Amino acid sequence: MGETFEGWTSWVEDAYLLCTPEDPECLKHHYITRTEKDEPQYTVEEEIAMMNEQIENSEGFDIDFSLFRCLFNYHLVDPDDIDFVEEPETNGDLMKRLSKESLNVFNKEEGTEFEFVKVVKANFHYSAGFMFLITFEVLDPSDNQEKVFQARVRYSTRFPAEYVFCRPRPEPEVDSDETSEEDFKGV
């Protein structure tokens with residue numbers, strides 16, 4: 001009872017299969033580059049498991065679409081296309097605009113002055129509109145270094161964008177069973 005409900009926009013959606021490589025619909029997506037000739041050959045079940053592992057490990061931000069022949073609910077945004085906007089704007093322009101606004105909200109809430117540099121990549125899935133998972137670079141004026149940030153934004157053409165969160169990209173977690181260089185220092 002004492003738990004806070006953050007809302008459905010904070011949930012990370014599992015992957016689900018939209019079509020298999022045999023379906024011609026899969027061939028229409030620019031980022032599906034893996035063919036039946038590529039090794040290793042993965043089963044549909046293996047691809048689903050790999051996709052879910054990548055989603056879980058990165059909250060959907062870092063997906064290597066080159067591993068998959070299947071089409072899932074997570075997609076890579078083509079910055080040169082106009083899937084979400086009307087010309088002359090491009091998807092890339094939209095990702096830049098959403099990233100900048102996310103960063104503005106972050107700076108205001110955190111009392112920081114990070115400066116937007118560029119969008120690195122963006123993924124999306126459908127979610128009462130579109131849920132964009134945008135990775136972008138910022139300049140930290142305190143040390144003049146570029147840093148990588150992530151923003152989750154729910155976007156609809158009918159309603160104002162919802163800036164779910166903006167944050168510095170988390171450092172990858174190291175499995176406690178793995179050995180790192182730090183373990184060998186001083187040995």
Side-chain angles (χ1 to χ4, degrees), residues 6-16 18 25-34 51 54-68 71-172:
E6 293 183 31
W8 63 271
T9 56
S10 65
W11 299 344
V12 177
E13 186 171 318
D14 286 343
Y16 61 84
L18 295 178
E25 186 68 24
C26 273
L27 302 176
K28 294 180 182 176
H29 296 272
H30 69 280
Y31 54 86
I32 304 243
T33 58
R34 192 171 185 82
M51 176 63 84
Q54 289 190 36
I55 291 167
E56 183 178 322
N57 290 343
S58 71
E59 297 181 41
F61 285 92
D62 296 316
I63 298 172
D64 182 358
F65 290 98
S66 71
L67 296 175
F68 306 104
L71 180 64
F72 295 95
N73 54 319
Y74 281 79
H75 307 275
L76 184 64
V77 173
D78 181 348
D80 299 321
D81 212 334
I82 55 168
D83 300 309
F84 314 105
V85 295
E86 293 183 22
E87 290 184 286
E89 190 176 31
T90 65
N91 294 344
D93 296 330
L94 175 63
M95 296 305 106
K96 182 177 179 179
R97 184 165 39 93
L98 296 175
S99 298
K100 285 182 167 184
E101 186 56 34
S102 291
L103 186 60
N104 288 341
V105 171
F106 178 87
N107 280 335
K108 186 175 180 182
E109 290 177 354
E110 300 296 322
T112 54
E113 296 181 0
F114 292 106
E115 300 167 18
F116 176 82
V117 175
K118 68 178 181 179
V119 172
V120 175
K121 63 181 173 180
N123 298 331
F124 76 96
H125 62 80
Y126 297 97
S127 180
F130 303 99
M131 186 65 73
F132 290 115
L133 308 158
I134 310 168
T135 303
F136 59 99
E137 291 179 356
V138 302
L139 180 67
D140 183 347
S142 70
D143 61 8
N144 210 30
Q145 296 291 313
E146 288 188 1
K147 299 194 167 61
V148 179
F149 267 58
Q150 296 175 328
R152 181 180 295 161
V153 182
R154 189 182 69 81
Y155 176 79
S156 167
T157 56
R158 296 190 57 206
F159 302 102
E162 180 180 351
Y163 299 94
V164 180
F165 68 73
C166 179
R167 67 181 183 202
R169 180 170 64 186
E171 294 296 321

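Just so it is clear, the structure is predicted and the values come from calculations on it, not from any experiment.
- Note on ring orientation: taking the six-membered ring where Trp is involved, the planes of Y126 and H75 are perpendicular (angle over 60°, cut-offs 30° and 60°).
- By the ring pair (Phe, Tyr, Trp, His ring centres under 6.0 Å) test, Y163 is found to be paired with no residue, residues two or more places apart in sequence or in another chain being considered.
- Atoms OG1 and CD, from T157 and E86 in turn, are 9.0 Å apart once rounded to the nearest 0.5 Å.
- The only option from E13, E162, R152 that meets the side chain to side chain contact (heavy atoms under 4.5 Å, CB included) definition with M131 turns out to be R152.
- Between T90 atom OG1 and L94 atom CG the span is 8.5 Å, to the nearest 0.5 Å.
- Between Y155 and F132, the two ring planes are tilted [angle within 30° to 60°].
- Proximity of F114 to F106: side-chain heavy atoms (C-beta onward) are separated by under 4.5 Å at one or more points.
- Evaluation of the salt bridge (charged side-chain N to carboxylate O under 4.0 Å, His left out) rule for D14 yields no partner, not counting sequence neighbours.
- Residues passing the side chain to side chain donor-acceptor pair (under 3.5 Å) test with R169, sequence neighbours excluded: none.
- Classification of R167 and E59 as a salt-bridged pair holds, one side-chain N sitting under 4.0 Å from a carboxylate O.
- Interatomic distance, L76 CG to N123 CG, rounded to the nearest 0.5 Å: 5.5 Å.
- Counting heavy atoms from C-beta outward, V117 and K147 have side chains that stay 4.5 Å or more apart.
- For D83 and N91, the side-chain atoms include at least one donor-acceptor pair closer than 3.5 Å.
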